[in-house]
Amino acid sequence: AVQSAPVSTTSQAEIYLSQFGYLPASARNPASSGLQDKHTWVSAIEEFQNFAGLNVTGELDEETMKLMSLPRCGVRDRVGSSDTRSKR
Amino acid sequence: YALQGSRWRVKNLTYKISKYPKRLKRVDVDAEIARAFAVWSEDTDLTFTRKTSGPVHIEIKFVESEHGDGDAFDGQGGTLAHAFFPVFGGDAHFDDAELWTIGSPRGTNLFQVAAHEFGHSLGLSHSDQSSALMAPFYRGFEPVFKLDEDDKAAIQSLYGRKTNQYTPTNVYPPSTQRPSYTPPKVPLDGSVCKDSKVDTIFNSENGDTFAFKGDKYYKLTTDSVEEGYPKLISKNWPGLPANIDAAFTYKNGKTYFFKGTQYWRYHGSQMDGAYPKEISEGFTGIPDHLDAAMVWGGNGKIYFFKGSKFWRFDPAKKPPVKASYPKPISNWEGVPNNLDAALRYTNGYTYFFKGDKYYRFHDARFAVDTATPPFPRPTAHWWFGCKNTPSSTGFRRR
């Protein structure tokens, strides 16, 4: 059976964060990967860590990549723009 | 919880399984899928009827890799399934490269994943409550399944509470429906638009949001006040006085109210024992005459605010308040002293209220959020839905 690869590199993490709504969809395109500015990259990791209940470090650490490798639902965590939160 | 923004206009929905998994018997799959839908009928008036052909609301398919919707599956592990929100059709797709199992710790449990995906089909997005069914990560086989309060609040915010006697096909403990209480109406007054300072704001156990002011309370919608409010506090919380200082609902489902040197505990609208008690008795280390209190989403601990200081209270620790407290409120970058209220709102953000303004706090950055219009914003406009009031305070936060 085909096994889905665990997340163990920065570019795999970039694809993951884009797939689930933390980075723009363009980041899933290998040709453009690595073109994130630092602030966007750190914010995306912080958002994922905050959502997943991890320590919010902004670093792509072991703990974070381990969680990214867990089986999960394919629907994005961040749906639409950030203002899907209530109006307030 | 979080909502995607769309829902079905009807509550009696139909579904069909147009492609079955390779390794399970169809009759078993039919039963598990019915049980998974029934999870969402338990606390609402939603009903789900299986059809074998023709048009349905929700179509279910077990497919592998690229399957026509542009979102290819990835083989065993990784992505297990995905579903579309109502506005996008509501269908649910399951990766048939997974080892789908029923009632076994082996492989991937079909019932749990299906119940999650049908949450999306009904309009729910992912929750950051790790205990919720709508959390994105598969938690392994759970022999005893129980829908989390977070999930119940989410589905009821879209489809209302259960009112019919329709009993879902699965075996669940009958939900203990608290008798709904309709207190006498007090005519809506515009005073809160002229003076939007609140005594406290808190969420109830089932996710309703209440603002207290004097002897009255307002039940809030997503952007204003529900029809027919304010009402008298004493009518909905018998025994509770007016002019409450602070309030919060803890994960035990109980709501705690604080005033002066005393506090009260309620379960829904019922006082939960002999109250009031002294704050020093039930919350050792916490001062009297509080300004605000909340359960912070960042760590689930209870925070109390008074003057320029705050305390962190952890009931599971001895002592519940570390010696390093109180600490200065200035640690919460951008939040002012002498607050009126603090709230972890149902959209996941933390809010602080002072006078006629409020601040939205970014938990990850541990600072007041930056947005347009900037914070602080006028409470009247954004929380009470007051029409002819400004939506911004006209100056940038320093």
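In the text below, chain A, chain B and the rest are named by the order of the sequence lines, each starting its count at 1.
Highest contact tally toward chain B, considering only Gly74(A), Ser69(A), Ser43(A), Ala52(A), is held by Gly74(A) [criterion: heavy-atom pairs under 4.5 Å]. Interface remark: of the candidates Leu67(A), Val56(A), Leu70(A), Leu67(A) forms the most heavy-atom pairs closer than 4.5 Å to chain B.
Within residues 114-125 of chain B, the residues that have a heavy atom under 4.5 Å from a heavy atom of chain A are His116(B), Glu117(B), His120(B), Ser125(B), listed by number.
The local environment of CD in Glu66(B) is crowded, with over 12 non-hydrogen atoms from other residues, nucleotides or ligands closer than 6.0 Å. A 6.0 Å sphere centred on CG of Asn55(A) holds no more than 12 heavy atoms belonging to other residues, nucleotides or ligands.
A pairwise comparison of heavy atoms in His126(B) and Val75(A) identifies CE1-O, 2.9 Å as the closest pair. When every heavy atom of Ser127(B) is checked against every heavy atom of Phe51(A), the shortest pair comes out as O-CZ, 3.4 Å.
Sequence neighbours left out, the pairs with a member in residues 340-349 of chain B that pass salt bridge (charged side-chain N to carboxylate O under 4.0 Å, His left out) are Asp128(B)-Arg344(B), Lys197(B)-Asp340(B).
Counting heavy atoms from C-beta on, the side chains of Thr79(B) and Gln19(A) come closer than 4.5 Å.
Looking at His362(B), only its side chain comes within 4.5 Å of chain A, counting heavy atoms on both sides. Contact of Ala2(B) with chain A is not made at all, since no heavy-atom distance falls under 4.5 Å. No part of Phe73(B) comes within reach of chain A, as not one of its non-hydrogen atoms sits under 4.5 angstrom from that chain. Neither the backbone nor the side chain of Thr108(B) comes within contact range of chain A, judged by heavy atoms closer than 4.5 Å.
Ring orientation note: the planes of Phe137(B) and Phe48(A) are nearly perpendicular, at an angle over 60° on the 30°/60° scale.
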